[in-house]
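A short write-up of the structure that comes next.
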Amino acid sequence: MSLDLSPLDRELLSGAHGGGAAFAMRLLARFAEAVGALGFIDIEAAHVDGCLYLGRASLDFVLKLTDLGGKVRVPTTLNVGSLDLIHPELFRGPKEDAENGARLMRAHVELGCAPTFTCAPYQSVHRPRFGAQIAWGESNAIAFANSVIGARTNRYGDFIDLCCAMTGRAPAYGLHLTENRAARALVEVVSIPDGWDLEQVAVAVGHTIGRRCGGLVPAIVGLPSGASEDDLKALGAAAASSGAVALFHAVGLTPEAPDLETACGGVAPEFHLRLTVDDLRQAARSLSSVADGAPLGAVSLGTPHFSLAEFTRLMPLLDGPRPLADIWINCSRATLGELRERGWEERLRAARVTIVADTCVYIGTLTRIGAGAVMTNSGKCAYYAPANLGVEVAYGSLAECVASARAGKVVRL
Amino acid sequence: MSARAFGAATLVPGAAAGAPLLLDEPLSFWGGLDPALGTIIDRRHPQHGANVADRMLMMPAGRGSSGGSAILAEALRLGKGPAGILMLERDAIVVVGAMVAAELYGCACPVALASEGDWRALAAAARLAVEAGPDGAAISADF
């Protein structure tokens with residue numbers, strides 16, 4: 001199998017654009033062959049998920065590129081790192097890991113990446129446009145970019161997202177191509193539990209889609225029309241945790257799905273899933289490993305990073321008695337800046353809230369959680385926290401999380 | 001002892017030899033392999049507890065998180081990775097991990113695509129030697 005290389009691709013390989021680009025292009029060519037791509041396309045932007053320190057090899061890879069004097073060729077944002085550079089005192093691991101983690105984050109910035117350190121780059125000025133070809137890492141960001149924005153990326157990860165950034169090229173395959181973006185599974189939300197907010201519906205639907213739809217792109221009908229971007233963020237994050245969902249269509253809500261026929265590209269779906277009240281309740285229950293009333297160690301919000309709109313929803317809920325359990329909230333440093341401008345940081349601190357920027361509590365490098373379960377409104381956090389943090393988890397709505405923090409135990413509303 | 005030759009396609013070039021280790025199911029290196037020891041730590045995997053170090057790893061397909069590339073590269077860096085990898089399906093995660101280890105550390109871990117019809121015979125060999133070049137790979141099996 002031979003790749004169809006453009007004149008630019010050949011220049012990149014030959015080293016005409018520097019040793020870093022040549023190294024990245026060599027790797028990208030192998031990758032393209034392995035995924036069966038026939039050539040490359042230009043990308044407008046990249047989001048690199050390489051700042052978590054997982055071992056020496058990940059650091060050596062980036063240092064090799066900086067040693068070669070490499071620079072990214074397209075605007076590139078960075079995903080979370082192993083530590084919060086704004087609040088470094090929060091780190092609770094070996095000193096060597098903190099040093100290597102910080103070094104890894106700085107090395108990416110040296111390559112010309114923007115120090116965003118967020119898993120929600122779509123909340124920022126770096127948000128891609130509809131139809132943009134991009135190369136993004138981080139599963140929730142990939143699902144959001146493809147589904148909610150209508151930008152085009154595959155599930156890039158480990159080393160390859162950075163290679164795309166260093167070359168401005170991506171292999172022409174998968175979700176970059178129109179023919180692979182049509183829905184193949186139909187998910188019908190038939191009924192919704194009374195009293196649930198839209199975020200709970202989104203998490204339960206997302207969690208179920210991830211488990212049941214395999215590699216098929218789903219088209220969802222029956223989601224309430226009031227679903228916000230944050231609800232769709234929660235849906236995508238849950239689906240990309242319990243499964244490998246990189247693109248979903250929510251009919252009437254997302255840009256490539258004005259109606260079901262368009263979402264499916266005019267072809268009848270090969271798989272059909274009906275979700276009722278019972279299915280959604282079951283999905284939500286499966287995300288909790290403790291019973292109601294269980295003692296709470298902490299509440300964790302903002303997986304993916306909390307948006308300003310979510311803080312706006314949270315603030316009135318915090319009025320009242322001081323919580324008995326700590327509340328951790330992950331957000332980007334850009335959102336942290338907005339909180340400061342609004343003077344909300346003090347109010348949050350008074351309500352036992354610790355803001356974490358640049359990283360995420362569920363990665364497990366930050367905090368020793370007190371005895372008890374961790375409660376979250378995030379399907380993604382509920383999915384990963386038991387293994388990453390070694391804790392029991394309770395999933396609930398945002399209001400339930402706050403009420404539970406106040407009571408020091410899992411409360412249902 | 002007898003020897004037999006088999007053809008294969010090159011995914012990552014290099015030359016290596018070792019005793020085959022056949023995986024009955026795809027393995028996600030991320031969460032499935034301890035890179036410091038080379039041990040398969042996924043408790044649900046049929047070969048849980050086996051060690052991949054210096055073996056000719058026969059895994060029909062890849063699986064799981066893209067974090068697997070970094071884990072494979074780290075295992076190869078530490079000398080606890082497989083000698084080479086034979087597959088039946090192309091897998092980008094495995095290819096990237098082996099490529100990065102070759103580029104950074106000069107650890108040759110050839111990856112080759114074998115034929116389904118040869119798979120059982122390959123697994124029965126006492127030792128497999130792979131030479132994966134730009135124009136294809138040759139596997140020689142000692143029985």
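When reading the values below, keep in mind they use all heavy atoms of this one structure, side chains included, and skip hydrogens, waters and symmetry mates. Below, read A as the first sequence line, B as the second, and so on, with proteins coming before strands; counting in each chain starts at 1.
The contact between A/F61 and chain B is made by backbone and side chain atoms together, counting heavy-atom distances below 4.5 Å.
For residues 124-143 of chain B, heavy-atom neighbours of chain A at less than 4.5 Å comprise no residues at all. Residues of residues 100-120 of chain B lying within less than 4.5 angstrom of chain A, judged on heavy atoms, are B/V100, B/E103, B/L104, B/Y105 in numerical order.
Shortest non-hydrogen contact noted between B/A92 and A/A34 is CA-CB, 4.1 Å.
Residues B/R77 and A/D60 are in side-chain contact: their nearest non-hydrogen atoms beyond the backbone lie under 4.5 Å apart.
Rounding to the nearest 0.5 Å gives a distance of 13.0 Å between CG of B/L11 and CZ of A/F31.
Counting heavy-atom neighbours within 6.0 Å of A/R212 CZ, excluding the residue itself, gives a total of 12 or less.
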